[in-house]
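Working notes, beginning with the structure itself.
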Number of protein chains: 2
Amino acid sequence: MTEPPGRRERKKAATRQKIADAALRLFLERGYDAVGIRDIAAEADVAVTTLFSHFASKEALVFEQDQDFEQRLTQAVADRGPHEPLIPALRREIHALVRHCTADSAAPIWRMIDASPALRQYEESMRLRHADSLATSIAADLGLPQTTTACRTIARFVIDAYSLAREAPDPDAAMDEIFPMIEAAWEVVCPIPAPTGDRSRPR
Amino acid sequence: MTEPPGRRERKKAATRQKIADAALRLFLERGYDAVGIRDIAAEADVAVTTLFSHFASKEALVFEQDQDFEQRLTQAVADRGPHEPLIPALRREIHALVRHCTADSAAPIWRMIDASPALRQYEESMRLRHADSLATSIAADLGLPQTTTACRTIARFVIDAYSLAREAPDPDAAMDEIFPMIEAAWEVVCPIPAPTGDRSRPR
DNA sequence: TTGTGAAACCCTAACCGTTAGGGTTACGGT
DNA sequence: ACCGTAACCCTAACGGTTAGGGTTTCACAA
């Protein structure tokens with residue numbers, strides 16, 4: 001399925017990594033605002049234009065692995081057990097993501113992000129995209145021909161949960177408070193069937 | 001209470017308005033991206049530095065009246081009737097705001113906003129601020145000493161409702177779908193008291 | 001093997017939003 | 001009438017980003 005990548009693609013990936021590493025190192029050393037694009041390019045020993053052919057913006061250098069986030073959410077919907085209801089599956093995944101970025105090792109990065117308005121704003125718009133693709137994924141899972149308002153709504157709520165929990169002083173407690181609210185909202189759309197002889201897949 | 005403004009303040013307000021008008025005119029004429037700050041300043045016959053002393057950024061020229069938005073939401077919470085529950089009051093206000101910006105007269109502006117990533121991103125971060133102050137307002141209304149996770153959550157949900165309804169093909173239908181979900185989420189936090197002899201203010 | 005097209009990369013020069021620095025005018029209060 | 005300062009102006013720059021146009025390096029096939 002995946003061919004062994006040729007020299008070309010390996011070099012490209014190496015360049016990308018070299019840039020990302022240099023950027024992160026400088027950012028943590030001197031602070032996001034104190035590091036210029038030209039500094040990063042010099043440190044990574046590439047041209048500025050090369051840097052921008054790998055990353056769309058300075059902010060994107062910080063959120064290098066954001067496709068992960070998107071994929072993990074959509075897969076949490078698609079790959080869950082055949083009888084697992086939607087919201088708990090999303091809750092597990094969001095919980096894992098929050099724990100991942102509130103870990104001690106990630107703390108300096110998130111401190112930097114929280115300190116920079118530009119980065120916060122960028123993250124916001126990233127989340128909007130994530131909510132959109134989550135909504136699509138949920139609609140597909142429900143067998144809908146297109147994303148409905150309810151799908152979009154619940155997707156937003158779930159993304160809100162991530163961002164609120166991440167910023168909360170006690171992320172676990174925040175999760176425990178937010179997700180029951182999301183559950184309730186979801187039940188308005190897909191009422192849980194009474195535990196009678198109903199064998200259909202829970203929503 | 002409000003003194004008649006002196007010549008100075010009148011001139012300042014006039015300058016601000018002149019800039020905003022020039023900007024809007026040019027934006028609608030040529031498109032947001034095709035108009036430079038220097039163009040706007042020239043059209044308004046002011047220096048670039050003057051423009052930036054009235055507006056914090058190019059995007060802010062488009063969202064001139066955003067403090068309105070924030071105030072109307074917080075006031076919808078604070079100024080509602082003494083027995084009106086929280087969510088319906090917010091629903092009314094959001095509905096009015098959505099109708100206001102989906103009116104035909106506002107259509108070209110919002111088409112422009114939707115077409116520009118920079119403007120969409122700016123609006124997003126505006127909304128985050130609005131959600132924060134709405135959360136504060138809700139917490140105050142509930143007599144809480146500080147904003148809790150539940151307040152922040154419901155505030156986000158309400159702001160989401162605004163943005164989802166605004167973008168929906170049928171904003172009214174979207175409102176009818178989203179707000180029952182928010183009601184349900186809110187009931188998890190503040191269960192509606194049974195309609196017995198309970199005379200306390202509904203939440 | 002060698003030729004060829006394209007991808008990755010480089011450099012220079014600019015564009016555009018935004019800000020610093022430092023000046024002038026005109027209003028408001030004394 | 002005077003002074004402080006708010007509003008305004010100009011010039012020059014900074015920093016992210018892109019256009020234009022060139023060179024190297026790889027993948028693939030003739």
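A, B, ... follow the sequence lines: proteins, then strands. Residue 1 opens every chain.
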query: According to a strict under-4.0 Å criterion, is B/H54 in side-chain N/O contact with OP1 or OP2 of D/dC8?
result: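 B/H54 to D/dC8 OP1/OP2: side-chain N or O found under 4.0 Å.
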- prompt: Hey, are B/R127 and B/E123 close enough for a salt bridge, meaning a charged N less than 4.0 Å from a carboxylate O?
  reply: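 Yes, B/R127 and B/E123 are salt-bridged.
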query: Could B/D176 and B/R91 be called an ion pair, given the rule that one side-chain N must be under 4.0 Å from one carboxylate O?
result: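 B/R91 and B/D176: salt-bridged.
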Integer-rounded Å distance: [N] [atom2] and [X] [atom1]:
X	N	atom1	atom2	result
A/F55	D/dG16	CZ	P	15 Å
A/Y32	D/dG15	OH	C1'	11 Å
A/Y122	D/dG16	OH	P	15 Å

statement: Given protein heavy atoms under 4.0 Å, the one-letter contact record of nucleotides 23-30 of chain D, with B base, S sugar-phosphate only and - none, is simply --BBS---
Residue closer to the 5' end of DNA chain D, B/K12 versus B/T49 (nearest nucleotide):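 That would be B/K12.
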query: Just the endpoints, please: which first and last nucleotides of DNA chain C, 5' to 3', lie under 4.0 Å from a heavy atom of chain A?
result: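 The contact span of chain A on DNA chain C goes from C/dA6 to C/dA14.
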Do [X] side-chain atoms and [Y] backbone N/O form a donor-acceptor pair below 3.5 Å?
X	Y	answer
A/S116	A/M112	no
B/W110	B/C101	yes
B/S137	B/S133	no

- prompt: Checking all strands, does A/V46 fall into the base, sugar-phosphate, or nothing category for heavy-atom contacts under 4.0 angstrom?
  reply: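 If one applies the 4.0 Å heavy-atom cut-off, A/V46 turns out to touch the sugar-phosphate alone, with no base involved.
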message: Counting the atoms with a prime plus P, OP1 and OP2 as sugar-phosphate, which does B/D45 contact under 4.0 Å by heavy atoms, base, sugar-phosphate, or nothing?
response: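 Sugar-phosphate contact only.
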task: May I ask you to decide if the ring planes of B/Y162 and B/F69 are parallel, tilted or perpendicular, using 30° and 60° as cut-offs?
output: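 B/Y162 vs B/F69 ring planes: perpendicular.
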field: Over 12 non-hydrogen atoms of neighbours within 6.0 angstrom of CD in A/Q75
entry: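 More than 12 heavy atoms, drawn from other residues, nucleotides or ligands, come within 6.0 Å of this atom.
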query: Crowded around B/Q146 CD? As in, over 12 foreign heavy atoms under 6.0 Å?
result: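 Count not over threshold, so no.
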message: Does A/K58 qualify as a cation-pi partner of A/F27, given the criterion of NZ or CZ under 6.0 Å from the six-membered ring centre and within 45 degrees of its axis?
response: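 No - A/K58 does not lie over the ring of A/F27 by the 6.0 Å and 45° rule.
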5′-ward residue of the pair A/R38/A/L51 relative to DNA chain C: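 Comparing both residues, the 5'-ward one is A/L51.
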